[in-house]
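No hydrogens, no waters, no symmetry mates; every other heavy atom, side chains included, goes into these values.
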Amino acid sequence: MTNDIYGPFPGGPEFLAGLTEGQRGRYEELGTSLEVVERRIAAAGAAAGRARDEVTLIVVTKTYPAEDTALLAGLGVTDVAENRDQDAAPKAEQCRNLPLDWHFVGQLQTNKVRSVVGYANHVHSVDRLRLVESLSAAVLKSERPDLGCLVQVALDKEHGEGAHRAGVAPEDIAQLADAIADTPGLRLDGVMTVAPLAGPLASDPARAFDRLAEIATAVRTAHPAATMVSAGMSGDLEQAIAAGATHVRVGTAVLGVRSPLR
């Protein structure tokens, strides 16, 4: 495999000329899927009276190789996400020269914080004070720029469900948001959620994302710069955009059905 696809300037004739036959086939496949997703985002935005540039597409590349990430960069993708550090860290290192903004979206254990801080620009899954403290310590030690943090909201916990799921209950969001905003090395960017699997909002992503929009508004009232609303995936991005999501996290619709986790 040529290393040209991991260079600092992906895309264009030189990039395409350096692809193997297999890489070119995958590039075309990804490009076709990406076009479909882009049309869905544009249509959902138009239906909600929103411009296309109000919504950022984050392609979730988990379980897929670094080669796919490089091909996506060649197609113009700028934001990618991972949910397991053991997969993300080597992939980010291999793609370090590409113009990519890395998002960490999975449940984050404190023993992985130092590694994640080494490549991620945003952590969407902040859900406890101990994690806030660990992230701050790692950022300050590394002397990197401030790390963008989103409070992960567990909407099912509002109704006494999902006690063991990641995320913070809505009634505890303000305290955690304040802690992030007041902690050195961290920047409160906004809120994130996954459509709940339990409770009255389960199987109703439109209502779930409307509830997140209410929460996001409350967070912005106290922290005006916390404008990110990360919600919506391959199956429900339209409902998320209708509710005001600024970032949608799409994997399967771009990359295809995932292989089982190793």
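Atoms CG and CG, from L237 and L57 in turn, are 8.5 Å apart once rounded to the nearest 0.5 Å. Atom NE2 of H122 is separated from atom CH2 of W102 by 12.5 Å, given to the nearest 0.5 angstrom. Distance check, rounded to the nearest 0.5 Å: CG of L150 to CD1 of I180 gives 8.0 Å. The distance from the CZ atom of R211 to the CD1 atom of I215 is 4.0 Å, given to the nearest 0.5 Å.
R96 has a carboxylate O that lies under 4.0 Å from a charged side-chain N of E93, or vice versa, which qualifies the two as a salt bridge. Ionic pairing of R26 and D68 is present here: one or more N-O contacts between side-chain nitrogen and carboxylate oxygen are shorter than 4.0 angstrom.
For R187, the salt bridge (charged side-chain N to carboxylate O under 4.0 Å, His left out) partners are D189, not counting sequence neighbours. The side-chain contact (heavy atoms from CB on, under 4.5 Å) search around T227 returns R220, not counting sequence neighbours. Residues passing the ring pair (Phe, Tyr, Trp, His ring centres under 6.0 Å) test with F15 are Y27, sequence neighbours excluded. In this structure A242 satisfies the side-chain contact (heavy atoms from CB on, under 4.5 Å) test with no other residue, sequence neighbours excluded. In this structure, the salt bridge (charged side-chain N to carboxylate O under 4.0 Å, His left out) partners of D204, at least two apart in sequence or on a different chain, are R207. Among residues two or more places apart in sequence or in another chain, the side-chain contact (heavy atoms from CB on, under 4.5 Å) test is passed with A89 by D85, S115, Y119.
The two residues E82 and A88 make their nearest non-hydrogen contact at CB-CB, 3.4 Å. Here the closest heavy-atom approach between residue A243 and residue A213 is recorded as O-CB, 3.4 Å. Nearest heavy-atom pair, A198 versus D156, reported as atom, atom and distance to 0.1 Å: O-CB, 3.4 Å. Considering every non-hydrogen atom in both L140 and P184, the closest pair reads CD1-CB, 4.0 Å. Nearest heavy atoms, V229 versus G244: CB-O, 4.1 Å.
Here the side chain of S230 pairs no donor or acceptor atom with the backbone of M192 at under 3.5 angstrom. A donor-acceptor pair under 3.5 Å links the side-chain atoms of T193 to the main chain of V153, judged by distance alone. In this structure, the side chain of T183 does not engage the main chain of L186 through any donor-acceptor pair within 3.5 Å. Not one N or O on the side chain of D178 forms a donor-acceptor pair closer than 3.5 Å with the backbone of Q175. In this structure a side-chain-to-backbone donor-acceptor pair under 3.5 Å is present from K157 to G167. The closest donor-acceptor contact from the side chain of K62 to the backbone of G251 lies at 3.5 Å or more, if one exists at all.
D101 places none of its side-chain heavy atoms less than 4.5 Å from the side chain of T78. Looking at V113 and F104, their side chains never come closer than 4.5 Å, going by heavy atoms from C-beta outward. Counting only heavy atoms from C-beta outward, the side chains of T246 and V55 never approach each other to under 4.5 Å. The shortest distance between side-chain heavy atoms of T252 and V60 does not fall below 4.5 Å. Contact annotation: the side chain of V105 never approaches that of S125 to less than 4.5 Å [non-hydrogen atoms, C-beta and beyond]. Using a 4.5 Å heavy-atom threshold, the side chains of L72 and L100 count as separate. No side-chain heavy atom of V151 sits under 4.5 Å from any side-chain heavy atom of V126. Between D79 and V59, the closest side-chain pair of non-hydrogen atoms is not below 4.5 Å.
The neighbour count for Q86 CD, taken as heavy atoms of other residues, nucleotides or ligands under 6.0 Å away, is above 12.
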task = Please lay out, stage by stage, how L16 and R24 fare under the test side chain to side chain contact (heavy atoms under 4.5 Å, CB included).
result = CA-CA 7 Å; L16 291 174; R24 183 178 291 274; 4.0 Å; yes
key: Full working for side chain to side chain contact (heavy atoms under 4.5 Å, CB included) between L188 and V219   = CA-CA 10 Å; L188 177 64; V219 170; 4.2 Å; yes
List the atom pairs, donor and acceptor, that lie under 3.5 Å between side-chain atoms in residues 30-37 and the rest of the protein, sequence neighbours left out.
| from | atom 1 | to | atom 2 | distance (Å) |
| --- | --- | --- | --- | --- |
| T32 | OG1 | E28 | O | 3.0 |
| S33 | OG | E29 | O | 3.3 |

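A single hydrophobic cluster is seen to contain both V191 and L135, as judged by linkage of ILVMFWY side chains at heavy-atom distances under 4.5 Å, directly or through other members. The same ILVMFWY cluster, assembled from side-chain heavy atoms under 4.5 Å apart, contains both V116 and L129. Using a 4.5 Å cut-off between side-chain heavy atoms of Ile, Leu, Val, Met, Phe, Trp and Tyr, with links allowed through other members, V194 and L131 fall into different hydrophobic clusters. Hydrophobic clustering, with ILVMFWY side chains joined whenever heavy atoms are under 4.5 angstrom apart, groups V250 together with I41. V123 and M228 are not part of a single hydrophobic cluster, where members link through side-chain heavy atoms under 4.5 Å apart.
Within the structure, no pair that satisfies the salt bridge (Lys or Arg N to Asp or Glu O under 4.0 Å) test touches residues 102-123, not counting sequence neighbours. A side chain to side chain donor-acceptor pair (under 3.5 Å) check over residues 49-60, counting only residues at least two apart or in different chains, returns the pairs E38-R52, R50-E54. Sorted by first and then second residue, the ring pair (Phe, Tyr, Trp, His ring centres under 6.0 Å) pairs with a member in residues 206-257 form an empty list; sequence neighbours excluded. Applying the side chain to side chain donor-acceptor pair (under 3.5 Å) rule to pairs touching residues 126-154 yields nothing, sequence neighbours excluded. Within the structure, no pair that satisfies the salt bridge (Lys or Arg N to Asp or Glu O under 4.0 Å) test touches residues 239-252, not counting sequence neighbours.
Side-chain contact annotation: H103 with N121, donor-acceptor N/O pair under 3.5 Å absent.
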